[in-house]
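See below for the structure under consideration.
Letters go in sequence order (proteins before strands), and every chain restarts at 1. Since this is a predicted model, take the numbers as computed values, not measurements.
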Amino acid sequence: MSIQAPRGFNDILPGEQYGWRDSYRWQRLEEIFREVARLYGYQELRPPMVEYVDLFVHGVGATTDIVTKEMFNITPRGDDPDARRMAMRPEFTAGLVRAYLENGMPNNPQPTKIFAYGPAFRYENVQKGRFRGFHQLDVEVFGAQDPAVDAEVIKLGLDVVARLGLTGLVVSVNSIGCPNCRPRYREALQNHFRPHLGELCEDCNTRFERNPLRLIDCKRDAGHPAQQSAPVTLDYLCDDCRTHWEGLLSHLEAMGIPYQIDTRIVRGLDYYTKTVFEVLHPKLGAQSALWGGGRYDGLIEVVGGKPTPGVGFGMGMERVLMVLEEEGLTAPFADRPRLDVFVVTLGEAARPVGLKLLYELRDAGISADIDYLGRSLKAQMKYAGKQNSRYVVILGEDEVQRGEASVKNMDEGTQESVPLDQIISHVRRAEV
RNA sequence: CUGACCGUAGCUCAGUUGGUUAGAGCGCCAGAUUGUGGCUCUGGAGGUCGCCGGUUCGACUCCGGUCGGUCAGCCCA
């Protein structure tokens, strides 16, 4: 085999042996997410996987790593004069905001509480927990500035992983202020770092002018005394942001959510205001963030709407599933769906009878399968066992002549003769 | 892009100081049991030892290059 999946992309496969790539685990995680989202009053919106690049430039931020070096660009037909640059989505928020505005959703009763999930793409270097094609569970609330919503969103994510049995999570929160208080903080940061520019990395020298907030979360300069002693956003919050911040903390406490304040969280996206948070798990190596998010009160206006507050998060499905695997938490995935009936036929005469029964079983909503390889009885039984079938219905010459079938309960090892027209009810009855 | 480690069967891996027919376990197929799965036993299929070149009488093994993978840095889901 010379052709492989593209670097940084994974196959999600049927079978427990594939660990976090087991497609059944993905189904369960998605089910749990939908269920929790429904519980909180969120509704699903499915945006396209591709958007015009401009949306991400404005909606994610022109200075962000995502836009400057990680965009997964699509090349449209070169002969189309109207072809605009497009890109695979690197995250969900921008596309959801676009869809919210484009479809007139601001005219609906507010707030608008949305969930979405699916693949996202970032063209970057691959390592543990970081891929070029990955999947997120995402929620967004548009049109509410109450810090109780920030807290709700954090709680929602925790509920999802709680249902998976995951513990040992660390919720880190911070506030990075708003356009009112940011300039003062920005200036303080620049004054603080200016004397040390020569000692900092080149990226930080670029950030100094374009995005000084990023100076404090640069890991290359981590440990540098200037970074350690850098001014903290929380000391520069305006009254509005301070009230919001204190409100968030009191809501978290009221909900009994343990948290830690991490003043180095600034988030890589330009649009965040006030609340930012990350939820970490130590078992993931260098990529310890299972999910992260925050408030973005300026974003919707930037994308073209009226000033509207927003808050949300994106959770990494791969990361969640990898942590579950490392923790040995397989219980949420224990009850795998199984085949109800495997139909075994012996000889030419039984074949059409078996096929007819197969179709009737499926029509009745009973999962059923049959051998298509002309295998021996023994091999068919073996195969039925491998498929983890509850029952095997055996149709041989004798049974067909009597209008009956031998029905074997594969778990009990018991077997009895059942008239053909009673097989469905027999299997159903036993199911209860 | 930089660095470290790693490429032998579908999977997980052995393979001695270089020595001729490259092995095991699991999985797959079949038989033992011409009408009965799981357990056991027996047999079978399946490999250009990532690729190219070099050293050598001889390379899975040593050297160089290359491709691929993993982890790490920047960043984050």
Side-chain angles (χ1 to χ4, degrees), chain A residues 1-8 13 15 17-19 60 64-70 89-93 117-138 157 201-204 206-207 214 217-222 265-269 276 278-281 284-293 312-323 339 342 344-347 350 371 373 375-400 405-415:
Chain A
M1 261 301 266
S2 54
I3 296 184
Q4 300 169 275
R7 169 180 270 259
L13 303 152
Q17 68 267 40
Y18 299 112
V60 175
T64 60
D65 289 339
I66 291 177
V67 167
T68 57
K69 56 187 192 192
E70 296 169 6
R89 64 183 176 207
E91 49 109 47
F92 279 78
T93 308
Y117 62 92
F121 307 86
R122 260 122 97 156
Y123 200 87
E124 59 186 333
N125 296 313
V126 174
Q127 57 185 251
K128 183 171 187 179
R130 198 181 62 194
F131 305 101
R132 290 183 174 179
F134 59 104
H135 300 256
Q136 287 188 329
L137 306 173
D138 190 279
C201 70
E202 45 188 279
D203 283 346
C204 283
T206 309
R207 290 171 184 145
R214 298 286 301 285
D217 80 331
C218 174
K219 285 171 186 159
R220 202 187 305 183
D221 289 327
I265 299 178
V266 301
R267 310 284 303 163
L269 286 60
V276 291
E278 291 179 354
V279 180
L280 314 171
H281 194 281
L284 264 181
Q287 272 62 45
S288 58
L290 284 182
W291 74 96
F313 71 72
M315 182 182 296
M317 293 182 69
E318 284 84 356
R319 291 186 181 180
V320 169
L321 290 167
M322 287 171 94
V323 167
L339 189 67
F342 192 85
V344 168
T345 67
L346 273 171
D371 172 64
L373 300 181
R375 282 191 263 227
S376 68
L377 168 75
K378 185 182 174 63
Q380 291 184 61
M381 291 299 296
K382 200 172 174 184
Y383 184 72
K386 294 247 173 62
Q387 303 313 304
N388 197 22
S389 188
R390 295 175 198 279
Y391 294 95
V392 168
V393 172
I394 301 163
L395 289 164
E397 311 282 331
D398 317 347
E399 286 94 337
V400 169
S406 299
V407 179
K408 180 164 186 176
N409 181 320
M410 295 295 271
D411 294 331
E412 309 295 330
T414 57
Q415 182 168 322

For [X], give me all partners under side-chain contact (heavy atoms from CB on, under 4.5 Å), at least two apart in sequence or on another chain.
| X | answer |
| --- | --- |
| A:R7 | A:V126, A:R132 |
| A:K128 | A:M322, A:E326 |
| A:Q415 | A:I394, A:S406, A:K408 |
| A:E70 | A:D65, A:I66, A:R122, A:E124 |

Going by the rule side chain to side chain donor-acceptor pair (under 3.5 Å), which residues pair with [X] if we only count those two or more places apart in sequence or in a different chain?
| X | result |
| --- | --- |
| A:Y117 | A:R34 |
| A:E278 | A:R267 |
| A:D398 | none |

What does [X] touch in the nucleic acid at a heavy-atom separation under 4.0 angstrom: a base, only the sugar-phosphate, or nothing?
| X | value |
| --- | --- |
| A:Q380 | nothing |
| A:R122 | base |
| A:Q415 | base |
| A:L137 | nothing |
| A:Q387 | nothing |

*Map A:D398 and A:G314 onto RNA chain B by nearest heavy atom, then report which one ends up closer to the 5' terminus.*
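Nearer the 5' end of the strand: A:D398.
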
*When you match A:G8 and A:F134 each to their closest nucleotide on RNA chain B, which lands nearer the 5' end?*
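Closer to the 5' end of RNA chain B: A:G8.
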
Can you tabulate the close N/O pairs, meaning under 3.5 Å, that link protein atoms to atoms of nucleotides 2-10 of chain B?
none

Rounded to whole angstrom units, what separation is found between the [atom1] atom of [X] and the [atom2] atom of [N]?
| X | N | atom1 | atom2 | value |
| --- | --- | --- | --- | --- |
| A:F313 | B:rA77 | CZ | P | 12 Å |
| A:Q127 | B:rC74 | CD | P | 9 Å |
| A:E412 | B:rG38 | CD | P | 18 Å |
| A:W291 | B:rC76 | CH2 | C1' | 15 Å |

Work out how far the [atom1] atom of [N] is from that of [M], and round it to whole angstrom.
| N | M | atom1 | answer |
| --- | --- | --- | --- |
| B:rA4 | B:rC60 | P | 27 Å |
| B:rC29 | B:rU66 | P | 43 Å |
| B:rG25 | B:rC6 | P | 27 Å |
| B:rC62 | B:rU17 | P | 11 Å |
| B:rU48 | B:rG10 | P | 8 Å |
| B:rG50 | B:rG7 | C1' | 6 Å |
| B:rG53 | B:rU12 | C1' | 32 Å |

*Check every atom of B:rG68, B:rG37, B:rC74 against the side chain of A:Q4 and return the nucleotide holding the closest atom.*
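Per side-chain heavy atoms of A:Q4, the pick is B:rG68.
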
*For A:Y18, all residues meeting ring pair (Phe, Tyr, Trp, His ring centres under 6.0 Å), sequence neighbours excluded*: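 For A:Y18 there are no ring pair (Phe, Tyr, Trp, His ring centres under 6.0 Å) partners, ignoring immediate neighbours.
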
_Test ring pair (Phe, Tyr, Trp, His ring centres under 6.0 Å) applied to A:F131 - qualifying residues, sequence neighbours left out_ =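 In terms of ring pair (Phe, Tyr, Trp, His ring centres under 6.0 Å), with neighbours along the sequence ignored, A:F131 is linked to A:W20.
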
_Watson-Crick or G-U pairs under 3.5 Å in RNA chain B, rendered as dot-bracket with [ ] for crossing pairs and | for another strand_ = (((((((..((((.....[...)))).(((((.......))))).....(((((..]....))))))))))))....

*asked:* Over 60° means perpendicular and under 30° means parallel, so tell me whether A:W291 and A:F313 are parallel, tilted or perpendicular.
replied: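 A:W291 vs A:F313 ring planes: tilted.
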
*nucleotides 24-29 of chain B: protein proximity per nucleotide (B base, S sugar-phosphate only, - neither; heavy atom, under 4.0 Å)*: ----SS

